[in-house]
**Student:** 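Pasting a structure below so you can have a look.
All chains are named by letter (A, B, ...) in the order of the sequence lines, taking the proteins before the strands, and each is independently numbered beginning at 1.
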Amino acid sequence: GESVGLHLPTLSVQEGDNSIINCAYSNSASDYFIWYKQESGKGPQFIIDIRSNMDKRQGQRVTVLLNKTVKHLSLQIAATQPGDSAVYFCAEKIQGAQKLVFGQGTRLTINP
Amino acid sequence: GAGVSQSPRYKVAKRGQDVALRCDPISGHVSLFWYQQALGQGPEFLTYFQNEAQLDKSGLPSDRFFAERPEGSVSTLKIQRTQQEDSAVYLCASSLRQNSNQPQHFGDGTRLSIL
């Protein structure tokens with residue numbers, strides 16, 4: 001299928017290493033943040049979310065960190081596997097609104 | 001299946017034709033969203049429904065774009081007099097409740113190509 005994100009920033013990691021994907025969001029009034037994973041030919045797949053009253057949330061092999069002071073969000077993936085190869089998007093929701101505003105996206109590639 | 005279903009998966013149309021894209025949200029989900037994703041970009045918001053009410057259509061790029069959700073379940077995005085710049089992937093998403101911080105769950109989209 002056609003690739004998503006042909007000219008996106010790319011992060012290459014060795015299989016088994018930890019990955020950190022960063023995102024700068026735009027609006028200080030955003031109260032909810034989501035990380036999505038998008039594989040070629042598929043829709044965005046929910047990974048993990050965090051509300052603005054938290055600064056860290058953990059899931060299975062993933063951790064999201066939120067720094068509201070500098071409007072920065074990060075996704076940490078532990079023990080990266082080949083199946084983690086995809087484009088990763090952060091998205092923010094402004095308080096009072098319903099729509100999501102997506103960041104640029106980062107392509108994660110796994111080296112064997 | 002239990003996820004958001006979109007059809008057709010691929011649509012090719014000639015410039016000037018009308019197209020209709022369908023979205024079946026997750027059963028029971030109140031909120032439904034349409035996004036447009038250009039190649040190499042993140043999804044961009046088009047419109048939002050709460051049940052059958054279209055509460056936000058601020059992202060629709062022109063009056064050629066029209067969306068409806070008449071019974072509060074299935075939604076259709078219609079594009080009239082298509083133009084080449086309409087070529088993109090059109091994504092539908094649904095979430096369980098409105099006015100709360102709930103994740104939006106996406107379908108696999110309809111890839112629209114205008115010749």
Side-chain angles (χ1 to χ4, degrees), chain A residues 1-10 21 23-27 29-54 57 59 62 64 66 73 86-107, chain B residues 1 3-7 9-10 23-26 29-51 53-60 87-113:
Chain A
E2 191 172 357
S3 296
V4 172
L6 295 179
H7 303 291
L8 292 173
T10 299
I21 301 171
C23 175
Y25 65 92
S26 58
N27 199 312
S30 294
D31 64 350
Y32 180 61
F33 305 87
I34 306 179
W35 280 100
Y36 285 96
K37 171 187 180 183
Q38 188 171 28
E39 297 173 288
S40 184
K42 299 284 187 69
Q45 176 188 357
F46 171 77
I47 302 173
I48 191 167
D49 58 359
I50 188 168
R51 292 168 173 73
S52 59
N53 60 353
M54 304 171 68
R57 191 165 187 222
V62 294
V64 55
L66 174 63
L73 197 65
V87 177
Y88 289 80
F89 290 99
C90 65
E92 62 184 299
K93 187 187 78 65
I94 298 170
Q95 187 177 17
Q98 300 300 315
K99 67 182 182 183
L100 293 176
V101 177
F102 283 78
Q104 180 184 21
T106 298
R107 177 181 298 282
Chain B
V4 176
S5 178
Q6 292 188 245
S7 61
R9 289 281 284 121
Y10 303 92
C23 173
D24 277 277
I26 294 172
H29 278 200
V30 168
S31 299
L32 185 145
F33 303 81
W34 285 98
Y35 291 83
Q36 181 190 60
Q37 186 173 26
L39 189 62
Q41 305 289 324
E44 292 193 353
F45 171 79
L46 293 176
T47 187
Y48 157 64
F49 290 85
Q50 179 181 310
N51 294 306
Q54 189 175 18
L55 299 186
D56 186 351
K57 51 183 181 179
S58 62
L60 296 176
S87 295
V89 175
Y90 290 85
L91 295 164
C92 178
S94 68
S95 65
L96 184 59
R97 292 189 294 271
Q98 73 279 6
N99 300 326
S100 66
N101 292 328
Q102 295 280 321
Q104 295 178 21
H105 299 278
F106 284 81
D108 286 337
T110 294
R111 181 175 299 277
L112 176 64
S113 298

**Student:** Tell me if the CD atom of B/Gln54 is crowded by more than 12 foreign heavy atoms within 6.0 Å.
**Tutor:** yes
**Student:** Atom NZ of residue position A/Lys99 - does it have more than 12 heavy atoms of other residues, nucleotides or ligands inside 6.0 Å?
**Tutor:** no
**Student:** Donor-acceptor check, side chain of A/Asp49 to backbone of B/Pro103, threshold 3.5 angstrom: yes or no?
**Tutor:** no
**Student:** Quick one: does B/Tyr35's side chain have a donor or acceptor within less than 3.5 Å of a partner on A/Leu100's backbone?
**Tutor:** yes
**Student:** For a quick test of reading the model, state the closest non-hydrogen atom pair linking A/Pro44 to B/Leu91 and the distance between them.
**Tutor:** CD-CD1, 3.8 Å
**Student:** Would you check, one step at a time, whether the test side chain to side chain contact (heavy atoms under 4.5 Å, CB included) holds for B/Asn101 with A/Asp31?
**Tutor:** CA-CA 8 Å; B/Asn101 292 328; A/Asp31 64 350; 3.8 Å; yes
**Student:** Quick one: what part of B/Thr47 sits under 4.5 Å from any heavy atom of chain A, side chain, backbone, both or neither?
**Tutor:** neither
**Student:** Taking B/Pro43, B/Cys92, B/Ala93 one by one, which has the highest count of heavy-atom pairs under 4.5 Å against chain A?
**Tutor:** B/Pro43
**Student:** Determine whether the side chains of A/Gln98 and B/Gln50 contain a donor N or O and an acceptor N or O closer than 3.5 Å.
**Tutor:** no
**Student:** So, taking the atom named CZ in B/Phe106 and the one named NZ in A/Lys42, what distance separates them when rounded to the nearest 0.5 Å?
**Tutor:** 15.5 Å
**Student:** Mind checking whether B/Gln104 and A/Tyr36 have side chains closer than 4.5 Å, heavy atoms only?
**Tutor:** yes
**Student:** If you look at every heavy atom in B/Gln41 and A/Phe89, which pair is closest and at what distance?
**Tutor:** O-CZ, 3.8 Å
